[in-house]
There are 2 protein chains.
Amino acid sequence: MSLDPIRQSSLSDQVVERLRTEIVEGRWRVGERIPPEPELIADLGVARGTLREAIRALQYSGMLDVRRGDGTFVTARSEVPGALARSGGSIGDVLEARAAIEPQLARLAAERADDDDIARIAEALEYRSFVTAEPPTRENAAVWAQADAAFHEEVARAAHNPILFEIYAALLPRLRESVESAITRDGFSREDPRGHEEVLEAIRRRDSEAAGASASANLAATERWDHAERAGAASR
Amino acid sequence: MSLDPIRQSSLSDQVVERLRTEIVEGRWRVGERIPPEPELIADLGVARGTLREAIRALQYSGMLDVRRGDGTFVTARSEVPGALARSGGSIGDVLEARAAIEPQLARLAAERADDDDIARIAEALEYRSFVTAEPPTRENAAVWAQADAAFHEEVARAAHNPILFEIYAALLPRLRESVESAITRDGFSREDPRGHEEVLEAIRRRDSEAAGASASANLAATERWDHAERAGAASR
DNA sequence: AGAAATTTGTTCGTATGTATC
DNA sequence: AGATACATACGAACAAATTTC
């Protein structure tokens, strides 16, 4: 059997790992500015080019946002959303991916959610209902889309599967974007009669079948809207 | 409404896009060596540091493999596998993700596969059966795992959803790895009585429900094996 | 409005480590 | 062993964008 030769990792790769760790472990929070180049150079003891290569790697992966003359900011704690954003696909494609993943997440959440998970889901749902009560305007479209996404994200977290969570969380921004632009148009209905509550109640009852079924039903409504939307767009 | 200021992209970002395009559009094929730094510098008209930053970005994303003293090689045509590889998770997590996505892919494939898709699936399945007929050894474990993955990849392609395809294709290497190491141990059964054939036949009949059901059934068998495997490992 | 300070962007020169033949 | 080709790393200098005073 032939073994791959061990290759010592380059300095700049090591710097990437160091910076990435700061972000993943939350010492540098999303939105915050990281220390400027001269400071990092001094701390890490590497040349400027070496550091810059590392920063570029994380920038391209979507974890950092580098603004010339201003600074470098943390934008995400994972590479997956950035990678998925580059892979194209329409809103319909995003919906189909959600249709695959969401019911499974709901089922797993019903099996594995602990009390903290359930409390977070309930809180997110409460806020979502609160926002839904307000009249839809362009200003609060982003707020509503965010509130909706937050609920789904908490369900996903409760499934306790890091891979599915990563994938699903990466899909959410793309969906949020489209919902936000569509929300003031046409017949987009923000309220689904108790569909989301049903998911939460099924999780509380540890009824994984019911949780999956409710999630599927909620998605079917959104897909109908997407089909109508696309048909309308074609005739415009 | 406040608009985001337009920010002109840096030279090194433009270089990233140029290099990425060469890879994505297949002019630089996977496995090939890309031109050496001095040549790219001359062609693109940028400084060494600028080019190196771009190469590092693509290296970290998993599309390039840089070997000091040797050259830089193309390793993938997408960033998603590299990103997903960093997000942790166990084999069980990978299986659960597959369980979510695979049936949906089979359903979509039954709705959308064209003649070319079906021919490719049939070919992959034929090869898989051929390899399965050989006795399992450590040497051909990798070959079998690859043949199995190839079948699933062709089904995924036939679903004609770029996002789901990217996600699923990114999961395959992780699964292949574990199957490969487990294949000679314990009671891992490489043959499932006609399970994979059923998927193909359902796709041919355009029966999306049957395709999804067959895919689910196939996965359930693998999941039983994983549970047994984990129980065994715990008692060892 | 303008000047200075801060921060990232880009270039060049040089020396060194590593793989291949 | 030697030669060649290639990537790695450092350092210094100047350019350009942004913020701050």
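Just so it is clear, the structure is predicted and the values come from calculations on it, not from any experiment. Chain naming here is simple, since letters A, B, ... match the order of the sequence lines and numbering starts at 1 in each.
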For DNA chain D, note the earliest and the latest nucleotide, 5' to 3', having some atom under 4.0 Å of a heavy atom belonging to chain A. D/dA9 to D/dT19

Under 3.5 Å: donor-acceptor pair, side chain of B/N161, backbone of A/D93: yes

Given DNA chain D, 5'-ward residue of the pair A/V46 and B/Q8, judged by closest heavy atom: A/V46

Quick one: side-chain contact (heavy atoms from CB on, under 4.5 Å) partners of [X], sequence neighbours excluded?
X: B/E17; value: A/Y60, B/R20
X: B/E102; value: B/R98, B/H152, B/Y168, B/L219
X: B/E22; value: B/R27, B/W28
X: B/A113; value: B/D117, B/I118, B/A158, B/I203, B/R206

Does [X] have any side chain to side chain donor-acceptor pair (under 3.5 Å) partners at least two apart in sequence or in another chain, and if so, which?
X: B/Q146; result: B/R176
X: B/D148; result: B/R128
X: B/E53; result: A/R52, A/R56

Starting at atom CZ of A/R67, determine the distance to atom C1' of C/dT8, rounded to an integer number of angstrom. 12 Å

What distance separates A/I167 CD1 from B/L84 CG, expressed to the nearest 0.5 Å? 5.0 Å

Among [range], which residues get a heavy atom nearer than 4.0 Å to DNA chain D?
range: residues 9-17 of chain A; answer: A/S10, A/L11, A/S12
range: residues 47-63 of chain B; answer: B/R48, B/R52, B/R56
range: residues 28-42 of chain A; answer: none

Are A/L175 and A/L95 close enough that some pair of their side-chain heavy atoms sits under 4.5 Å apart? yes

Check: A/L19 and A/I34 side chains under 4.5 Å, non-hydrogen atoms: no

Using a strict 4.0 Å threshold on nitrogen-to-oxygen distance, state whether A/R157 and A/E154 make a salt bridge. yes

In short, side chain to side chain donor-acceptor pair (under 3.5 Å) pairs touching residues 39-51 of chain A with sequence neighbours left out are A/E37-A/R48

